[in-house]
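Presented below is the structure to which this report refers.
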There are 2 protein chains.
Amino acid sequence: MKDVAARAGVGLKTVSRVVNGEPGVTADTESRVRAAIEALGFRRNDSARILRKGRTASIGLVLEDLADPFYSPLSRAVEEVARANGSLLFAGSSAEVPEREEELALALCARRVDGLVIVPASDDHRYLEPEIAAGIATVFVDRPASRIEADAVLTDNAGGARTAVAHLIAHGHRRIGFIGDRPHIHTADERVRGYREAMAAHGLAVREEWVSMGGTAPERVRAELERMASGPEAITALFSGNNRVTVTAVRVLSEHDRPIALVGFDDFELADLLRPGVTVIAQDPARLGRTAAELLFRRLDGDTAPPQRVELPGRLIPRGSGELPALQH
Amino acid sequence: MKDVAARAGVGLKTVSRVVNGEPGVTADTESRVRAAIEALGFRRNDSARILRKGRTASIGLVLEDLADPFYSPLSRAVEEVARANGSLLFAGSSAEVPEREEELALALCARRVDGLVIVPASDDHRYLEPEIAAGIATVFVDRPASRIEADAVLTDNAGGARTAVAHLIAHGHRRIGFIGDRPHIHTADERVRGYREAMAAHGLAVREEWVSMGGTAPERVRAELERMASGPEAITALFSGNNRVTVTAVRVLSEHDRPIALVGFDDFELADLLRPGVTVIAQDPARLGRTAAELLFRRLDGDTAPPQRVELPGRLIPRGSGELPALQH
DNA sequence: CTGAAAGCGCTTACAG
DNA sequence: CTGAAAGCGCTTACAG
């Protein structure tokens with residue numbers, strides 16, 4: 001910029017005015033400056049700009065896995081809102097490892113992002129307190145923060161689970177299994193809670209062999225489902241805890257001889273084209289992301305209301321697999 | 001940092017040494033500095049650091065759509081390589097709009113990212129020449145750069161298309177349709193070229209009614225496929241140009257009375273569970289992303305070899321839909 | 001082992 | 001309409 005000023009024979013401030021489109025420059029001066037910029041190939045360095053101005057015009061997104069079909073529309077929605085607010089987006093995957101979430105979030109804070117949208121992997125977010133105190137707005141999405149008060153945008157997981165299980169019960173099922181993600185993951189806990197509540201509300205006992213929490217690795221899900229689906233007390237229906245589990249369950253059930261009803265949490269592409277179509281409780285990941293990001297930018301615009309929790313509903317989409325009757329076998 | 005130095009009764013440089021873990025500080029001094037950091041809640045500002053050091057330890061990724069199931073594993077792979085190299089990732093979607101690609105890429109350059117991985121939407125990348133000259137490493141992925149020489153990591157699209165079409169011909173098909181993305185998208189052009197080459201190599205004429213290029217909107221794909229599949233010269237097989245087209249084609253064909261064979265470019269989740277399973281030419285998006293990002297970091301490490309083009313193979317996965325015989329109807 | 005000075009490339013606040 | 005000075009928060013190069 002100094003070189004541009006020298007070449008154009010003007011002061012630094014005048015170059016700054018031209019670069020930023022500020023008023024108070026004659027057309028003649030402006031064209032001299034522009035010519036110098038062109039000749040020198042000048043490109044403004046935003047790092048320097050950021051150092052002087054307060055905001056960096058960037059936000060950070062930390063989630064489990066950028067490639068997951070549930071989280072990728074959420075990411076895209078956050079990105080769109082960021083763009084609409086003139087911000088760039090840093091994105092990073094925690095891979096469900098708490099230390100990685102913390103490392104990523106703190107690295108982003110050191111870059112002085114204006115705000116953070118986090119799908120937590122950690123169960124203790126006190127590490128963020130100094131950052132939040134220093135003014136970095138933070139909104140949690142899909143799962144709430146732990147051990148701090150913070151904004152959160154969630155799906156009504158327990159409610160959705162109750163709907164799913166009540167639907168299976170209404171179709172005659174009594175022995176209903178649940179396979180979900182690892183306990184301590186908020187969504188997994190909420191969904192198993194909804195499952196238990198719905199069973200209890202209908203006077204049905206839950207046998208602990210029918211409940212399996214522990215990660216979404218296909219081998220694990222396959223083994224657990226095959227175990228639940230065999231023996232004299234075999235389940236006649238499964239409520240699967242998320243899209244990763246559902247996909248494996250569909251695969252296992254397609255090889256199975258006796259029909260087992262299935263309702264999955266989370267919708268997924270082509271669910272309607274399978275035979276039977278897969279009945280799901282659909283979340284709206286793009287809406288989760290959009291809502292969280294919009295809340296973040298309201299905070300950045302000065303909204304200082306107490307931390308709020310927004311809860312979006314899940315929606316039952318019957319497609320066949322959840323309407324299979326409970327045959328006595 | 002000034003405050004920390006004052007409180008600890010040391011110089012600025014000593015604080016800097018402690019914060020960066022540099023040697024040459026006595027244990028006693030260090031603990032005084034750490035106490036001051038703790039008491040003041042000091043957090044280093046990386047913007048200032050970046051301004052002094054050359055590198056920003058960040059790279060940018062510009063692609064069509066973060067939420068697309070083809071691009072999201074690619075993003076994740078780029079992110080992993082960035083992390084392994086100590087870099088943070090900016091991610092942005094161009095939505096296939098050239099101006100948006102340019103705007104994003106230039107915004108990233110103004111932030112002085114060390115490098116850029118781009119899935120191009122634009123057909124003229126000369127706008128990047130000053131940036132590349134200024135030292136921003138750039139690698140194109142999935143599609144090559146236009147009008148500049150640059151590194152590119154691609155799938156062998158024409159070869160994959162030839163394999164797909166030859167496969168259909170081997171199963172007795174002569175009237176084979178192609179529905180692809182908009183012309184001028186490199187991958188779409190390459191795939192239609194492979195289609196034409198394979199047809200010609202087998203002495204088959206291509207009727208222009210069987211070829212449709214123009215975006216992946218479901219309504220468009222549906223209308224084109226229904227047109228091709230009707231009348232006396234109806235196609236008996238379809239080669240679909242990407243995963244978005246394939247998904248709609250599967251949906252349309254599932255409502256269709258006469259069986260039409262299908263081979264799709266790009267694999268997708270649950271393709272094996274549909275009836276029939278969907279035969280595809282599988283790309284490896286994670287490997288594309290990883291290869292591109294690794295090449296980028298080699299460039300950042302000083303590799304100054306001429307721009308190179310890496311081409312990864314596509315792989316035919318027969319699952320049933322591509323092996324349907326050509327019935328005479 | 002430690003620190004004072006200069007400077008990275010901008011913007012802010014002010015004066016003319 | 002225009003510009004000189006100070007400063008954002010660090011690191012570099014140097015001296016002690």
Side-chain angles (χ1 to χ4, degrees), chain A residues 1-37 40-58 86 106-107 109-114 130-131 134-136, chain B residues 1-37 40-58 86 106-107 109-114 130-131 134-136:
Chain A
M1 193 151 134
K2 210 168 51 186
D3 298 340
V4 172
R7 186 183 179 107
V10 299
L12 267 182
K13 178 61 204 171
T14 301
V15 179
S16 176
R17 284 195 183 91
V18 171
V19 169
N20 295 307
E22 287 168 27
V25 184
T26 51
D28 179 50
T29 311
E30 173 166 349
S31 68
R32 280 215 319 285
V33 172
R34 291 213 180 279
I37 287 174
L40 266 36
F42 168 79
R43 302 136 59 244
R44 182 175 69 191
N45 183 332
D46 276 1
S47 296
R49 167 166 238 250
I50 283 166
L51 186 59
R52 280 301 325 229
K53 308 195 77 113
R55 291 202 177 176
T56 59
S58 60
L106 290 178
C109 289
R111 298 296 178 100
R112 295 293 190 275
V113 291
D114 300 324
E131 310 299 334
I136 296 187
Chain B
M1 194 151 133
K2 209 166 52 185
D3 298 340
V4 172
R7 187 185 178 106
V10 300
L12 265 183
K13 178 61 203 172
T14 300
V15 178
S16 176
R17 284 196 184 91
V18 171
V19 169
N20 294 307
E22 287 168 26
V25 184
T26 52
D28 179 52
T29 311
E30 173 165 349
S31 68
R32 280 215 319 285
V33 172
R34 292 212 180 282
I37 287 174
L40 266 37
F42 169 78
R43 301 137 59 242
R44 182 176 68 192
N45 183 332
D46 276 1
S47 297
R49 167 167 239 251
I50 283 166
L51 187 57
R52 279 302 322 228
K53 307 195 78 110
R55 291 204 177 172
T56 59
S58 61
L106 290 178
C109 289
R111 298 296 177 101
R112 294 294 191 271
V113 292
D114 299 324
E131 311 298 335
I136 296 188

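Just so we're on the same page: letters track the sequence lines, and every chain starts at 1.
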Original post:
Nucleotide by nucleotide, 5' to 3', does protein get under 4.0 Å of the base (B), only the sugar-phosphate (S), or neither (-) in nucleotides 4-12 of chain D, counting heavy atoms?
Top reply: B-BBBBBBB
**OP:** Verify whether one side chain among B:R44 and B:N20 offers a donor that lies under 3.5 Å from an acceptor in the other.
**Re:**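 Per modelled atom types, B:R44 and B:N20 side chains form a pair under 3.5 Å.
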Subject >> Under-4.0 Å side-chain N/O to phosphate OP1/OP2 contact, A:T14 with D:dC1 >> reply: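 So the side-chain polar atoms of A:T14 never come under 4.0 Å of the phosphate oxygens OP1 or OP2 of D:dC1.
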Original post:
What closest approach, in Å, do B:R55 and B:I50 show between heavy atoms, and which atom pair accounts for it?
Top reply: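 Result for this residue pair: O-CG1, 4.2 Å.
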Subject >> Nearest atoms (heavy-atom pairs only) where A:G86 meets A:A57 >> reply: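 Heavy atoms of A:G86 and A:A57 come nearest at O-CB, 3.7 Å.
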Subject >> For DNA chain D, the dot-bracket pattern of Watson-Crick and G-U pairs whose distances stay under 3.5 Å, | for other-strand partners >> reply: |||.||||||||.|||
Subject >> Derivation of the side chain to side chain contact (heavy atoms under 4.5 Å, CB included) call for A:V33 and A:V25 >> reply: CA-CA 10 Å; A:V33 172; A:V25 184; 5.9 Å; no
Original post:
Do A:R17 and A:T14 have side chains that get closer than 4.5 Å, going by heavy atoms?
Top reply: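 In contact.
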**OP:** May I ask you to decide whether B:R112 forms a salt bridge with B:E131, counting only side-chain N to carboxylate O separations under 4.0 Å?
**Re:**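 No, no charged N to carboxylate O under 4.0 Å.
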**OP:** State plainly whether the residues A:R7 and A:D3 are in salt-bridge range, i.e. N to O under 4.0 Å.
**Re:**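 No, A:R7 and A:D3 are not salt-bridged.
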Original post:
Would A:M1 and A:S16 count as a side chain to side chain contact (heavy atoms under 4.5 Å, CB included) if you check the C-alpha gap in whole Å, the side-chain angles of each, and the deciding distance to 0.1 Å?
Top reply: CA-CA 8 Å; A:M1 193 151 134; A:S16 176; 3.5 Å; yes
